[in-house]
Amino acid sequence: MTVAAVKAPPMTIAYDLKASVRTIPDYPKPGILFRDITTLLGDARSFRCAIDELVQPWAGSKIDKVAGIEARGFIIGGAIAHQVSSGFVPIRKKGKLPHTTVSMSYALEYGSDIIEMHVDAIKPGERVILVDDLIATGGTAEGAIKLLRQTGAEIVAACFIIDLPELGGAAKIRDMGVPVRALMEFEGH
Ligand code: AMP
């Protein structure tokens with residue numbers, strides 16, 4: 001499968017999933033258009049459609065783990081893990097996980113932060129799908145991919161409901177050799 005083949009053309013989704021995402025201007029700070037997926041999650045048909053569409057390229061293939069990025073990636077990732085009959089692995093902000101962790105620094109708009117995962121969460125060679133609600137600059141996903149690769153994971157794909165392509169995150173992740181699947185795009189940031 002080519003990288004391009006798993007980038008979902010938004011037009012192929014018959015149901016208008018994009019209409020179920022709410023946009024909040026100037027949140028959390030002026031100039032940001034916050035893409036709020038709680039309205040999508042709260043609508044049964046939209047939630048099911050999003051999960052079905054995200055996993056569609058891997059229906060029937062073996063996925064060992066779905067790794068979800070805190071916090072909205074937990075909701076989507078948990079549902080995907082159930083759908084593909086895999087385990088679920090939380091990737092959390094520093095200091096939240098109780099057992100021994102591995103960590104990775106990742107770039108924010110201003111500065112950096114640290115994400116962590118349990119050291120024994122993934123065995124070398126396991127096939128993993130990374131999940132978050134939205135990809136913007138790709139800094140968070142890049143950190144998560146480096147963290148997963150550190151444990152020997154084979155990253156099958158990175159899945160997002162929303163891509164903000166002008167910020168270049170999806171292109172950055174594809175350049176790391178990871179196919180990106182996103183269900184819709186929004187202009188701007
Ligand atoms: P980035 O690391 O820049 O790709 O940012 C991705 C993370 O920030 C995801 O966990 C998103 O939930 C959050 N995020 C960034 N921009 C937005 C936005 N415009 N609306 C909602 N969430 C956002």
Side-chain angles (χ1 to χ4, degrees), residues 1 3 6-8 35 37-38 40-41 46-108 112-164 169-170 172-183:
M1 185 180 298
V3 171
V6 294
K7 188 189 179 208
R35 306 301 179 177
I37 62 151
T38 63
L40 180 152
L41 299 174
S46 300
F47 191 15
R48 171 162 289 283
C49 175
I51 300 303
D52 287 348
E53 287 293 337
L54 279 172
V55 301
Q56 187 266 329
W58 301 282
S61 63
K62 182 176 175 290
I63 302 298
D64 297 301
K65 301 276 166 58
V66 171
I69 300 174
E70 185 173 2
R72 290 180 289 270
F74 291 178
I75 304 163
I76 304 157
I80 289 178
H82 178 77
Q83 188 90 333
V84 300
S85 300
S86 76
F88 176 79
V89 173
I91 295 180
R92 301 207 63 179
K93 307 270 164 58
K94 185 176 168 58
K96 300 281 189 72
L97 288 166
H99 184 54
T100 308
T101 58
V102 283
S103 62
M104 185 61 65
S105 166
Y106 67 100
L108 295 170
S112 64
D113 210 339
I114 291 174
I115 44 173
E116 294 183 335
M117 183 174 74
H118 276 150
V119 67
D120 56 358
I122 290 172
K123 297 184 198 71
E126 283 194 315
R127 287 166 54 80
V128 178
I129 291 180
L130 176 68
V131 175
D132 202 359
D133 65 327
L134 179 148
I135 183 158
T137 66
T140 314
E142 181 184 24
I145 288 165
K146 288 181 180 168
L147 184 63
L148 289 163
R149 284 183 168 164
Q150 193 174 283
T151 68
E154 181 195 333
I155 306 173
V156 175
C159 292
F160 308 89
I161 291 179
I162 300 167
D163 178 20
L164 307 182
K172 184 194 292 186
I173 299 311
R174 290 190 183 100
D175 286 347
M176 296 176 81
V178 176
V180 174
R181 180 159 175 83
L183 301 183

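Throughout, numbering of the chain's residues begins at 1 and tracks the sequence.
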- Task: Write down the atom of I161, the atom of A50, and the distance for their closest heavy-atom approach.
- Result: CD1-CB, 4.4 Å
- If every non-hydrogen atom of R35 is compared with every non-hydrogen atom of I162, which pair is closest and at what distance? CB-CD1, 3.8 Å
- Distance in Å, K94 NZ paired with I115 CD1, rounded so as to fall on 0.5 Å steps: 12.5 Å
- All pairs passing salt bridge (charged side-chain N to carboxylate O under 4.0 Å, His left out) where residues 95-105 contributes a residue, at least two apart: E70-K96
- When rounded to the nearest 0.5 angstrom, what is the spacing between CG in L41 and CD1 in I51? 8.0 Å
- Query: Got a second to check how far D120's CG is from T100's OG1, nearest 0.5 Å?
  - Reply: 8.0 Å
- ring-ring contact (aromatic ring centres under 6.0 Å, His included) contacts touching residues 123-147 (sequence neighbours left out): none
- Kindly compute the distance separating SG (C159) from CD (E53), expressed to the nearest 0.5 Å. 11.5 Å
- Message: According to ring-ring contact (aromatic ring centres under 6.0 Å, His included), does anything in residues 113-162 pair up with another residue at least two apart or in another chain? List the pairs.
- Response: H99-H118
- Atom CG of L54 and atom CG of L183: how far apart are they, to the nearest 0.5 Å? 4.0 Å
- Which heavy-atom pair separates A141 from I69 by the least distance, and what is that distance? CA-CD1, 4.3 Å
Could you list the donor-acceptor pairs under 3.5 angstrom formed between side-chain atoms of residues 72-90 and any protein atom two or more places apart in sequence or on another chain?
unit_1, atom_1, unit_2, atom_2, d
R72, NE, D133, OD2, 2.5
Q83, NE2, D52, OD1, 2.6

- Task: Of all the heavy-atom pairs spanning A157 and W58, show the shortest one and how long it is.
- Result: CB-CZ2, 3.1 Å
- Item | Results of side-chain hydrogen bond (donor to acceptor under 3.5 Å, both in side chains) for S46 - residues two or more places apart only | Y15, D43
- Where is the tightest heavy-atom contact between V128 and A67, given as atom of each residue plus distance? CG1-CB, 4.0 Å
- Query: Closest approach of G138 and I173, non-hydrogen atoms and distance?
  - Reply: O-CD1, 4.0 Å
Can you give the donor-acceptor pairs under 3.5 Å from side chains of residues 144-156 to other protein atoms, not counting sequence neighbours?
unit_1, atom_1, unit_2, atom_2, d
R149, NH1, M176, O, 3.1
R149, NH2, M176, O, 2.9
T151, OG1, L148, O, 2.7
E154, OE2, R127, NH1, 3.3

- Item | From E142 atom CD to I135 atom CD1, the distance as rounded to the nearest 0.5 Å | 9.5 Å
